Amino acid sequence: ETLIVPDVNKFPGHIFCDSDSMSEIVVPLIKTNKLIGVLDVDSTYLNSFNEIDKKYLEQICNFITEEIFT
């Protein structure tokens, strides 16, 4: 499921791709009940992502898995 992390410094086990990252959203790419990848978006600001971001990023990921990964 999609994960919104308001403060990556408070998230146990967070792996930093960018030392300037402060918050992130991670959306799974699922095809035929199998995880095929994730969309990971970082921000240099705390609490950058919300339910609106989640909704539209999930729609984008659904499009990607249905239209691109055939």
Side-chain angles (χ1 to χ4, degrees):
E1 71 182 49
T2 298
L3 182 62
I4 297 173
V5 182
D7 184 347
V8 297
N9 294 306
K10 294 181 180 177
F11 188 81
H14 181 261
I15 299 170
F16 287 90
C17 299
D18 180 350
S19 61
D20 292 331
S21 177
M22 297 298 288
S23 63
E24 73 177 359
I25 184 168
V26 182
V27 184
L29 296 161
I30 299 173
K31 179 83 173 186
T32 326
N33 293 322
K34 181 179 177 184
L35 179 67
I36 59 172
V38 296
L39 173 66
D40 183 336
V41 183
D42 296 334
S43 173
T44 56
Y45 299 98
L46 290 172
N47 203 24
S48 290
F49 304 101
N50 58 36
E51 291 298 314
I52 294 170
D53 300 309
K54 177 183 176 201
K55 175 184 175 181
Y56 290 111
L57 288 172
E58 286 177 342
Q59 287 179 5
I60 291 167
C61 287
N62 288 336
F63 174 79
I64 291 169
T65 57
E66 294 303 318
E67 299 299 325
I68 296 174
F69 292 105
T70 57

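Residue indices begin at 1 and follow the sequence shown. The model shown is predicted, which means the values in this text are computed figures rather than measured ones.
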Between [X] and [Y], what is the shortest heavy-atom contact and its length?
X     : Y     : value
Val38 : Pro28 : CG1-CA, 4.1 Å
Ser23 : Val8  : CA-CG1, 3.8 Å
Asp53 : Ser48 : OD2-O, 3.7 Å
Asp42 : Glu24 : OD1-OE1, 2.9 Å
Asn50 : Ile4  : O-CD1, 3.6 Å

Rounded to the nearest 0.5 Å, what separation is found between the [atom1] atom of [X] and the [atom2] atom of [Y]?
X     : Y     : atom1 : atom2 : result
Asp7  : Tyr45 : CG    : OH    : 15.5 Å
Thr2  : Ile25 : OG1   : CD1   : 6.0 Å
Glu51 : Glu58 : CD    : CD    : 8.0 Å
Ile64 : Glu66 : CD1   : CD    : 11.5 Å

### Task
For Thr32 and Lys34, indicate whether the former's side chain and the latter's backbone hold a donor-acceptor pair under 3.5 Å.
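No: the side chain of Thr32 does not pair with the backbone of Lys34.
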### Message
Less than 4.5 Å apart, side chain to side chain, heavy atoms only: is that true for Met22 and Asn9?
### Response
yes
### Task
Check whether more than 12 heavy atoms from other residues, nucleotides or ligands sit under 6.0 Å from atom CG of Leu35, and answer yes or no.
yes
### Query
Applying the side-chain contact (heavy atoms from CB on, under 4.5 Å) test to Leu29, which of Ile36, Asn62, Ile68 qualifies?
Ile36
### Query
Under a 4.5 Å side-chain heavy-atom rule over Ile, Leu, Val, Met, Phe, Trp and Tyr, are Leu46 and Val41 clustered together?
no
### Shared hydrophobic cluster for Leu39 and Tyr56 (ILVMFWY, side-chain gaps under 4.5 Å)
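Looking at the clustering, Tyr56 is in a separate group from Leu39.
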